[in-house]
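Read through the structure below, which is laid out as structure tokens, and then see the notes.
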There are 2 protein chains.
Amino acid sequence: MQAAGSEDERLDRAFLALADPVRRRLVARLSRSSATVNELAEPFELSKQGISKHIQVLERAGLLTRTRDGQRRPCHLAPAALEELTAWIDGYRLAAEACYRRLDAVLATMNAAEEAKDE
Amino acid sequence: MQAAGSEDERLDRAFLALADPVRRRLVARLSRSSATVNELAEPFELSKQGISKHIQVLERAGLLTRTRDGQRRPCHLAPAALEELTAWIDGYRLAAEACYRRLDAVLATMNAAEEAKDE
DNA sequence: CGCTTTATCAACCATTTGGTTGACTCTCTA
DNA sequence: TAGAGAGTCAACCAAATGGTTGATAAAGCG
């Protein structure tokens, strides 16, 4: 299952969700195991409502899913959504690195030509 | 060279910088080659000042660097900063996937025990 | 049925973001 | 030196974030 909206909107929400140290700590915690809101809120000095809001941000971004277990609503990290982000970043990172390698090759060629001329 | 501040602050700025479709388009454009502010602004309907602000956000996040070339101030993508982001995400994504695999193994064991009991 | 636990909703407030316009700096060039 | 081009700074505004508190729902327990 995937968060709603266009790719742009999904990436907006996902990157925005990660642009906060509290939410990143929540992701880190959930990468070890699923957890409830109260369990997630415990290490923080924020109110439970505040944590609940952060969790909703992560959920709207598709970075976590929630199930029902009696009174509890455990949160589970969604690795596929994280993978979509790394795929986006890596596409452009690799393109840029390739671009710089081409530039280096051109500069090397020019230097070689320059030295040849000096001889 | 790396953006200033703690790791948290750097990740805040970097993820926030990517949480905007305009800035992601700038990153995509710069992954093909370096470019000036005017070149970057051309495909957008925003004012040049608006684009300049977006570029400053990316620069403060360490995602691009700028050089001086006469009147121009070309922008260059910084692949190392992008790599830091994918490394952060992948660390937790892989942990979560490993966690789910362990859970699957436990559930499989329980199912096997259950079926053995039913016989 | 009442009480506790878990969690969300609603209203509110301070701060930040994203956009504009206008004035300004800096650099090259005629 | 005067002017044009590239880009930034400053002030302003509308909208969204991040946090709070108080009231509310929904599920389990005595």
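Being a predicted model, the structure only gives us computed values, none of them experimental. First the proteins, then the strands, lettered A, B, ... as listed; each starts at 1.
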In whole Å, I'd like the distance from the [atom1] atom of [X] to the [atom2] atom of [N].
X     : N      : atom1 : atom2 : result
B/L18 : C/dG18 : CG    : P     : 12 Å
B/L26 : C/dG18 : CG    : P     : 12 Å
B/D12 : C/dT15 : CG    : P     : 18 Å
B/I55 : D/dC9  : CD1   : C1'   : 15 Å
B/Q56 : C/dG19 : CD    : P     : 14 Å
A/E9  : D/dA16 : CD    : P     : 13 Å
B/R60 : C/dT17 : CZ    : C1'   : 12 Å
B/F44 : C/dG18 : CZ    : P     : 14 Å

Taking all heavy atoms of [X] and all of [Y], pick out the closest pair and write down the distance.
X     : Y     : result
A/A17 : A/A61 : CB-CB, 3.9 Å
A/L16 : A/R23 : O-NH2, 3.1 Å
A/C99 : B/S31 : CB-O, 4.0 Å
B/R24 : A/L11 : CZ-CB, 3.5 Å
A/A35 : A/L30 : N-CD2, 3.7 Å
A/D90 : B/T86 : OD1-CG2, 3.3 Å

Quick one: is C/dT8 close enough that its OP1 or OP2 comes under 4.0 Å of any side-chain N or O from A/R66?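 For A/R66, the contact criterion (side-chain N or O under 4.0 Å from OP1 or OP2 of C/dT8) is met.
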
Give a yes/no on whether any side-chain N or O of B/S52 is located under 4.0 angstrom from OP1 or OP2 of D/dG7.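 Indeed not, no polar side-chain atom of B/S52 lies that close.
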
Atom pairs and distances, side-chain donor-acceptor, residues 66-77 of chain B, under 3.5 Å, sequence neighbours left out:
from  : atom 1 : to    : atom 2 : distance (Å)
B/R66 : NH2    : B/R73 : O      : 3.0
B/T67 : OG1    : B/H76 : NE2    : 2.7
B/R68 : NH1    : B/G70 : O      : 3.2
B/D69 : OD2    : B/R72 : NH1    : 3.3
B/H76 : ND1    : B/S34 : OG     : 2.6

Going 5' to 3' through nucleotides 18-30 of chain D and flagging B where a protein heavy-atom sits under 4.0 Å of the base, S where only the sugar-phosphate is that close, and - otherwise, we get SBBBBB---BS--

If you take any heavy atom closer than 4.0 Å to DNA chain D, which residues from residues 30-42 of chain A end up in contact?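 Those residues whose heavy atoms fall under 4.0 Å from DNA chain D, taken from residues 30-42 of chain A, amount to none.
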
Please report the interatomic distance CD(A/Q56) to NE2(A/H54), rounded to the nearest 0.5 Å.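 Answer for the CD-NE2 pair, A/Q56 versus A/H54, is 11.0 Å.
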
Tell me if a side-chain donor or acceptor on B/S52 pairs with a main-chain N or O of B/Q49 at a distance below 3.5 Å.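 No; judged by distance alone, with no hydrogens or angles, the pair does not exist.
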
